[in-house]
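Accompanying notes for the structure given below.
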Amino acid sequence: MESGTQAFQQRSLSVKLWPPSHGTRLMLVERMTKNLTTPSIFSRKYGLLSNEEAEEDAKKIEELAFAAADQHYKKEPDGDGSSAVQVYAKESSRLMLEAIKRGPTVKDEEIADKTSIHETVFDISGGRRAFIDAEEAEEILKPLREPGNSYTKICFSNRSFGLDAANVAAPLLSSVKQQLTEVDLSDFIAGRPESEALEVMNLFSSVLEGCQLRYLNLSNNALGEKGVRAFGALLKSQNNLEELYLINDGISEEAAQAVSELIPSTKKLKVLHFHNNMTGDEGAIAISDIVKRSPALEDFRCSSTRVGTDGGVALAEALKTCTRLKKLDLRDNMFGVGAGVALSKALSLFAGLTEVYLSYLNLEDDGAEALANALKESAPSLEVLDMAGNDITAKVAASLAACIASKQFLSKLNLAENELKDEGAILIGKSLGEGHGQLNEVDMSTNAIRRAGARLLAQVVVKIPGFKLLNINGNFISDEGIDEIKELFKSSPDMLGSLEDNDPEGEDYEDEDEDEENAEGNELESKLKDLKIEQG
């Protein structure tokens, strides 16, 4: 026993986090490319990069970040590479933000049009997140004073307004409010005392009351019910909203009820996002009232909102009125089987659905099967199917496979963290065999898959032109199976994700020391897998 402990200590000391493997570097480029081409609040401001330009930028960013981290590593006193990993991730994030803010390359013939577009957008969100005082507000908001300006979109995000700065902004906003169509006040009171923040919100709301907006973003302001009601004058005057964002706003049951009560009409609403709030079941019932009144809704996001079965059923019933829905994101809630079955009845009505995110909803077999059967008969143009982390077993694999086989436009399939095993993996792999020329990503990680299932998945996707990534990490594939799979991908190794968490013995590590070693060895992956664009 003692010699085993000594051997473990020697292995632990030998773990190196730097340099990353070639596969890890390719993985980072892939993830950055995806970040750079995914529509977001940033892309609304600066433009969305094409896939080609994003991939080129991502490669350059990775090379620069690697060079900076490698130089740091050579000077690192401890030499284990942990701080180099941090430099690598931080530099990548910083350079991604620069690429986003630079925007897409403009062709000569587009310059005139681009210039006229920029003149309609007034945006002070660039630079470091910071407070803004009255003196700076006078200077930075000066363009709004110019007579005859044509600003239709304003963005005050990322700058924290106190009452002094808000009093400077108020008359300027009043002078342009009749021409405004888009207002972004996300993250504009950060760090302010509640009393001052409420005064600022009340002031902005009263000044902007009556402007006819198509886009309103009040995210990241910890509104709660008080904050929602502070924006009451503005919300009550909105009859033409097409996009409303209330992300990470502390939207409780009472706050959700206030939103439902204050907005007079959502008949034109196409995008409604409530991500990352503490809404709960009662709040979801209030949100469902808004959804019922939004027949034009195309993009609904109510993920990470603590919604259980009752709230899930209410949302499912409300969604039946939204037959134009294209994107549905309900991830990370506590729906359970009952809400899953209720939602399946709504999904059958969405002929134009292209993206559906239903991961981590506690669907289990019955909920997942009901949804798979409903999707099979609807959504012929579905591009993204995400049902990860739902305790789905091989019993449902046939229904899932039939659904997947019918989706010829599918580009991304995520069934990670379920219990599909070999039987499920083989059925699903066969369903991808023909007519899925647009498929580029499959995630079947952590499904207790062994050699046969993993091999079949690999054999299928490796033949798809343009395929980008197969993730079968965290499974129970034998060493021989790993060798077979790597051989299949030998001409395109970047298409195969990491296999570092695979357990060839097919059992979980229970020894605390082994867990510690595994965690340390995978620190690089964990630091890079959730890489986000951060504002510096």
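This structure is a prediction, so every number in the text was calculated from the model and none was measured.
P143 pairs by the side chain to side chain contact (heavy atoms under 4.5 Å, CB included) definition with F122, E146, Y151, not counting sequence neighbours. Partners of K320 under the side chain to side chain contact (heavy atoms under 4.5 Å, CB included) rule, at least two apart in sequence or in another chain, are E317, K345, A346, L349. For E63, there are no salt bridge (Lys or Arg N to Asp or Glu O under 4.0 Å) partners, not counting sequence neighbours. Applying the ring pair (Phe, Tyr, Trp, His ring centres under 6.0 Å) test to F161 and every residue at least two apart in sequence or in another chain returns F156, F204. In terms of the side chain to side chain donor-acceptor pair (under 3.5 Å) criterion, E135 has no residue partners (sequence neighbours excluded). Residues satisfying the ring pair (Phe, Tyr, Trp, His ring centres under 6.0 Å) criterion with H275, sequence neighbours excluded, are absent altogether. For K59, the side chain to side chain donor-acceptor pair (under 3.5 Å) test picks out no residue, with sequence neighbours left out. Judged as a side chain to side chain contact (heavy atoms under 4.5 Å, CB included), and not counting sequence neighbours, the contacts of D386 are R331, Y357, S359, A388, N414. Qualifying side chain to side chain donor-acceptor pair (under 3.5 Å) partners for E98, counting only residues two or more places apart in sequence or in other chains: R94. The side chain to side chain donor-acceptor pair (under 3.5 Å) search around N333 returns T305, not counting sequence neighbours. Judged as a side chain to side chain contact (heavy atoms under 4.5 Å, CB included), and not counting sequence neighbours, the contacts of A255 are E225, V228, I251, S252. The ring pair (Phe, Tyr, Trp, His ring centres under 6.0 Å) check on F66 picks up W18, with sequence neighbours excluded.
Figure legend: R324 and F350 shown without cation-pi pairing, the cationic atom not lying both under 6.0 angstrom from the six-membered ring centre and within 45 degrees of its axis.
Looking only at atom types and distance, the side chain of N248 has a donor-acceptor partner in the side chain of N220 under 3.5 Å away. Counted by atom type alone, N277 and T279 present zero donor-acceptor pairs between their side chains at under 3.5 Å. A side-chain donor from one of N149 and Q179 sits under 3.5 Å from a side-chain acceptor of the other. Side-chain N/O atoms of N158 and S125 include no donor and acceptor closer than 3.5 Å. For S160 and R192, the side-chain atoms include at least one donor-acceptor pair closer than 3.5 Å.
Ion pairing between a basic and an acidic side chain is recognised when a charged N comes within 4.0 Å of a carboxylate O; E30 and K34 show no such pairing. Salt bridge status for K412 with E383: absent, with no side-chain N to carboxylate O gap under 4.0 Å. Ion pair E136/R159 flagged as a salt bridge, since at least one NZ, NE, NH1 or NH2 atom sits closer than 4.0 Å to an Asp/Glu carboxylate oxygen.
Contact annotation: the side chain of I140 approaches that of I132 to within less than 4.5 Å [non-hydrogen atoms, C-beta and beyond].
Among all heavy-atom pairs drawn from F188 and L185, the shortest one is CD2-O, 3.0 Å. Summarising the geometry of T33 relative to A58, their closest heavy-atom pair is OG1-CB, 3.3 Å, with the distance given to 0.1 Å.
When each of V271, L272, D184 is checked for a side chain to side chain contact (heavy atoms under 4.5 Å, CB included) with Y245, only V271 meets the rule.
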